[in-house]
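Given the structure is predicted, the values throughout are model-derived calculations rather than measurements.
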Amino acid sequence: MKKYSKELLIGLTVLITLLILFFGIDYLKGVNVFKAANYYYASYTDVAGLAQSAPVTVNGYKVGLVREVAYEYDNPGHVRVELSLDRKLRVPEGTEAVLVTDMLGTSSIELHMSDSKSFHNVGDKLKGVNSTGLMGSVTTEILPAITTALPKIDSLLTAVTALVSDPAMLAAVKRLDTVMANLETATKSLSATMASTPAIATDAKATMTNVSKLSSDLAEVTARLRDMPIDSTFANIQAMTVQLNKTVEQLNSKDSSLGMLINDPTLYNNLTGATASLDSLLQDVKKNPKRYISIKLL
């Protein structure tokens, strides 16, 4: 008798241990085995990382959890999700079980209740809907827009680099600085001449003030152009151009409209001719200022 009693005690101990382990695992998953619940089902083509014990909510309030996630072998391409809902919750017909994924990749189920006056029976299959969410919007809307804009940005940077690095343009800026200095000197001389002529000094005083202010503003603009960090700007543009090299290769193709615009030497020749004409005009103004500045004495 003692032998059988010992074996029976061991068997009961093992059985109780297994029961505690079974219910303990469910409890750790968030399943309250002692709380009455109703079970419903939903089917999805993509569960997006949905795990057991994921919350089921209505208007942000938790009303249940995901009991089980299993592949439907009799319905290829679909995953069956079992929902454990509060027994007090009545689910109207037409309610959608929407699978939502947040920024961290955590998925949950949101119940979008319908306005129907009739309700689903326990064990019915709800309509499963996949929501794109914020990450889906980024993938389908924002990324394509960025991809489309990259070739345009690269084309703009290429055009700006070619224009700024043109030696004729740099020479024109330097000559403009010299012309502004000469203009300021001429303005001071003219102001002194006006002051020595009593008959026109009063009328010309306001005009000379405006001319002096204009000359100062032009000198300031020229100084800012000269002090611009052109070297660092070129370095940044070069780094961006290297990163976008693959996209640039497509733009350099003569089969595209932008490629023809960039590779056509006509634009460069026109800019060079315009720069040369501007340089000739500035030199002529410096040599023959009276031809362009007319002063009439009343």
Side-chain angles (χ1 to χ4, degrees), residues 8 10-148:
L8 179 62
I10 294 174
L12 290 175
T13 303
V14 172
L15 179 61
I16 294 173
T17 302
L18 292 176
L19 291 174
I20 293 175
L21 180 62
F22 175 77
F23 291 112
I25 292 175
D26 282 345
Y27 180 78
L28 293 176
K29 291 181 179 180
V31 179
N32 189 351
V33 295
F34 300 105
K35 183 178 180 181
N38 292 332
Y39 297 94
Y40 299 87
Y41 301 91
S43 181
Y44 303 92
T45 56
D46 184 4
V47 293
L50 182 68
Q52 292 184 6
S53 303
V56 179
T57 60
V58 175
N59 297 334
Y61 181 78
K62 183 178 179 181
V63 295
L65 50 81
V66 175
R67 175 72 177 181
E68 183 181 3
V69 180
Y71 186 77
E72 296 185 72
Y73 293 98
D74 56 345
N75 187 17
H78 292 77
V79 179
R80 181 186 182 190
V81 177
E82 180 181 346
L83 307 178
S84 175
L85 305 181
D86 192 336
R87 177 164 290 183
K88 296 180 180 179
L89 180 68
R90 302 182 68 187
V91 182
E93 292 184 355
T95 296
E96 296 181 346
V98 182
L99 192 150
V100 180
T101 303
D102 59 19
M103 290 289 293
L104 300 178
T106 303
S107 299
S108 61
I109 302 293
E110 292 183 1
L111 295 181
H112 292 181
M113 298 292 193
S114 68
D115 298 330
S116 176
K117 300 301 181 181
S118 56
F119 300 91
H120 280 290
N121 296 323
V122 176
D124 283 353
K125 185 175 182 179
L126 306 181
K127 182 179 180 181
V129 178
N130 287 88
S131 176
T132 56
L134 180 60
M135 293 303 295
S137 299
V138 170
T139 303
T140 58
E141 298 178 8
I142 299 179
L143 288 181
I146 294 176
T147 304
T148 304

When you look at Asp124 and Val91, which way does the side chain to side chain contact (heavy atoms under 4.5 Å, CB included) test go after all the steps?
CA-CA 10 Å; Asp124 283 353; Val91 182; over 6 Å; no
How many angstroms lie between [atom1] in [X] and [atom2] in [Y], if you round to the nearest 0.5 Å?
X	Y	atom1	atom2	value
Leu83	Lys125	CG	NZ	12.0 Å
Asp115	Thr95	CG	OG1	9.5 Å
Glu82	Gln52	CD	CD	9.5 Å
His78	Tyr73	NE2	OH	15.5 Å
Ser84	Asn38	OG	CG	8.0 Å
His120	Tyr40	NE2	OH	8.5 Å

Could you check whether Glu96 pairs with Lys127 (Lys NZ or Arg NE/NH1/NH2 to Asp/Glu carboxylate O, under 4.0 Å)?
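Salt bridge between Glu96 and Lys127, a charged N being under 4.0 Å from a carboxylate O: yes.
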Indicate the atoms forming the closest heavy-atom contact of Leu99 with Tyr44, along with that distance.
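Closest approach of Leu99 to Tyr44: CB-CE2, 3.9 Å.
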Restricting to non-hydrogen atoms, name the atom on Pro92 and the atom on Ser114 that form the minimum distance, rounded to 0.1 Å.
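Distance-wise, the nearest heavy atoms are CB-OG, 3.5 Å.
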Would a distance-only check, ignoring hydrogens and angles, find a side-chain to backbone donor-acceptor pair under 3.5 Å from Asp46 to Asn130?
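Not confirmed, Asp46 side chain does not pair with Asn130 backbone.
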Name all residues meeting the ring-ring contact (aromatic ring centres under 6.0 Å, His included) criterion together with Tyr61; count only those two or more places apart in sequence or in a different chain, and write none if there are none.
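With neighbours one apart ignored, the set is empty.
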Going by ring-ring contact (aromatic ring centres under 6.0 Å, His included), name the residues that satisfy it together with Tyr41, two or more places apart in sequence or in a different chain.
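Checked Tyr41 against ring-ring contact (aromatic ring centres under 6.0 Å, His included); zero matches.
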Set out, in order, the CA-CA distance, both residues' side-chain angles and the distance that settles side chain to side chain donor-acceptor pair (under 3.5 Å) for Glu93 and Ser118, then state yes or no.
CA-CA 6 Å; Glu93 292 184 355; Ser118 56; 3.0 Å; yes
Show your working on side chain to side chain contact (heavy atoms under 4.5 Å, CB included) between Asp74 and Arg80 and close with a plain yes or no.
CA-CA 11 Å; Asp74 56 345; Arg80 181 186 182 190; over 6 Å; no
So, do [X] and [Y] sit near enough that their side-chain heavy atoms are less than 4.5 Å apart?
X	Y	value
Val47	Ser107	no
Ile109	Leu50	yes
Leu85	Leu111	yes

